[in-house]
2 protein chains.
Amino acid sequence: MARRRPVSNLLALAVLTVVVQRPMHPYEMASVLRARGKDQDMPIKWGSLYTVVRNLEKHGLLEAVESGRQGARPERTVYRVTDVGRDEAADWTRELLATPGREPTSFEAGLSVMAGLAPGEVVPLLRRRLELLEEQIAADRRALDSERDGVPRLFLVESEYALAMREAQAAWVRSLLAELDAGTFPELAAWESFHRTGEIPPHVADLAERGRPAD
Amino acid sequence: MARRRPVSNLLALAVLTVVVQRPMHPYEMASVLRARGKDQDMPIKWGSLYTVVRNLEKHGLLEAVESGRQGARPERTVYRVTDVGRDEAADWTRELLATPGREPTSFEAGLSVMAGLAPGEVVPLLRRRLELLEEQIAADRRALDSERDGVPRLFLVESEYALAMREAQAAWVRSLLAELDAGTFPELAAWESFHRTGEIPPHVADLAERGRPAD
DNA sequence: CTTCGATTACTCGTAGGCGAGTATACGTCG
DNA sequence: CGACGTATACTCGCCTACGAGTAATCGAAG
């Protein structure tokens, strides 16, 4: 089992990969990441940045190289990546690419509690989601196309992937909506009453027992 | 703008939805969630559970109803959902269903730092991912089929969705692999050298400038 | 030349997340 | 019938995340 990463925040990986190119001070790391649009793919929070950098240093993945002050600015510390840090970044990347994780999204959470709403209410909500999804997809596609000249494909794969996933999600929502609209979704009546009474219909009581043997 | 939720952890929503059915003590909530397999869709951490319940109570979404002790067990507190709590749960569910969020996955993070590895190394990693994905898909499909009789479709949508997303991911990885294998992925040579030297080829230096106007 | 706003660069406080530990009851095997 | 493992039901405390605040610098306007 891969031991836990010394610094688990994904921001740490981002930091490592920029600092591999040249030594930097924290604020600069964030600027570069921001400029590259990496804030779309990863969480970049100001508060976390300094904590993460400090922890990376503590674990020997980064080292302070210079603590000079330019002009009279508040003392900036410039960090350089160590060999250990370089290895960690590569290994981490390998793991992220090779290991498909279970990472439930908030939509999944929403679906799993959907039964608490009336079916009649769910349909317009899903329709709204679909609308927004389609807007995002159009916007993403435009952005991607405009970047194709100038930026090599290699640096756009993550955007391509994100776009593909959104399209897949839209398709799935569309098909669920189709079933709900056509009335072919089973047990709509039971759902209705389940919601109105708030009570679980008897034959679902044993749902509580459904163990998931496959692990 | 929807104000921030009084308790932001998704576990709180799960708690609310089980406690709507009948009053419970914290440990029981967790057991029920676990038994329903909700731990697949949402994070259920023991440590968080009690914090979350306490916060829900503090904000008036739950209320303690009885603090009796059965036998000589350590005093258990049973909680009941309030009207406010019920509303919050419904509203939260609506938001989750209707609002497609930007939630970068770890694979996306991996892709966005993929360039740090040599192309020759990336291919087997992706192949490995595809393998594992296919196993998961097969297992999920089996589990889902075995539950279809007994559990109404309504309570399986989230699993269906998760499965669909995995399949979409697998398809995407497959197509990327095909390009890499066939050598049709552009600039493989540049990638190779980029990785060997660790240095950014000159024409990508302005990549740092690529601003994302669309917001 | 000084005032004002924006940008740069960071610090700090605190709330929340979560694992590891703890204590009690219950079953069961000798 | 007592000793020991296992399930139940939590508590504690560290550590991380992160927003809100702060302080210095720079540029431009008056």
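Here the structure is a predicted model, which is why all the values come from computation and not from measurement. Every chain is numbered from 1, with letters handed out A, B, ... down the list of sequences.
Protein atom OH of B/Y79 is 13 Å distant from nucleotide atom C1' of D/dA9, rounded to whole Å. For the pair A/M29 CE and C/dT8 C1', the interatomic distance rounds to 15 Å; values are reported in whole Å. Rounding to whole angstrom units, CG of residue A/L56 and P of D/dT16 are separated by 11 Å. Protein atom OH of B/Y50 is 13 Å distant from nucleotide atom P of D/dC12, rounded to whole Å. Taking atom CE of residue B/M24 and atom P of nucleotide D/dA9, one finds them 13 Å apart after rounding to whole Å. The interatomic distance linking A/E28 (CD) with C/dT7 (C1') rounds to 15 Å, in whole Å.
The pair A/R153-B/E187 does not count as a salt bridge, with every side-chain nitrogen at least 4.0 angstrom from each carboxylate oxygen.
Residue B/Y27 has no polar side-chain atom (N or O) positioned under 4.0 Å from OP1 or OP2 of D/dC10. At the phosphate of C/dT8, neither OP1 nor OP2 sits under 4.0 Å from any side-chain N or O atom of A/H25.
Counting only residues at least two apart or on different chains, no salt bridge (Lys or Arg N to Asp or Glu O under 4.0 Å) pair has a member in residues 106-119 of chain B.
In this view, B/Y27 and B/W46 satisfy the ring pair (Phe, Tyr, Trp, His ring centres under 6.0 Å) rule, not counting sequence neighbours.
Judged purely by distance below 3.5 Å, without hydrogens or angles, the side chains of B/R102 and A/Q136 never pair a donor atom with an acceptor atom.
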Q | Contact state string [nucleotides 15-22 of chain C, B base, S sugar-phosphate only, - no protein heavy atom under 4.0 Å] | A | -SSBB---
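Across all non-hydrogen atoms, the minimal contact from A/D39 to A/R34 is OD2-CD, 3.7 Å.
For the pair B/T93 (side chain) and A/G110 (backbone), a donor-acceptor distance under 3.5 Å is absent.
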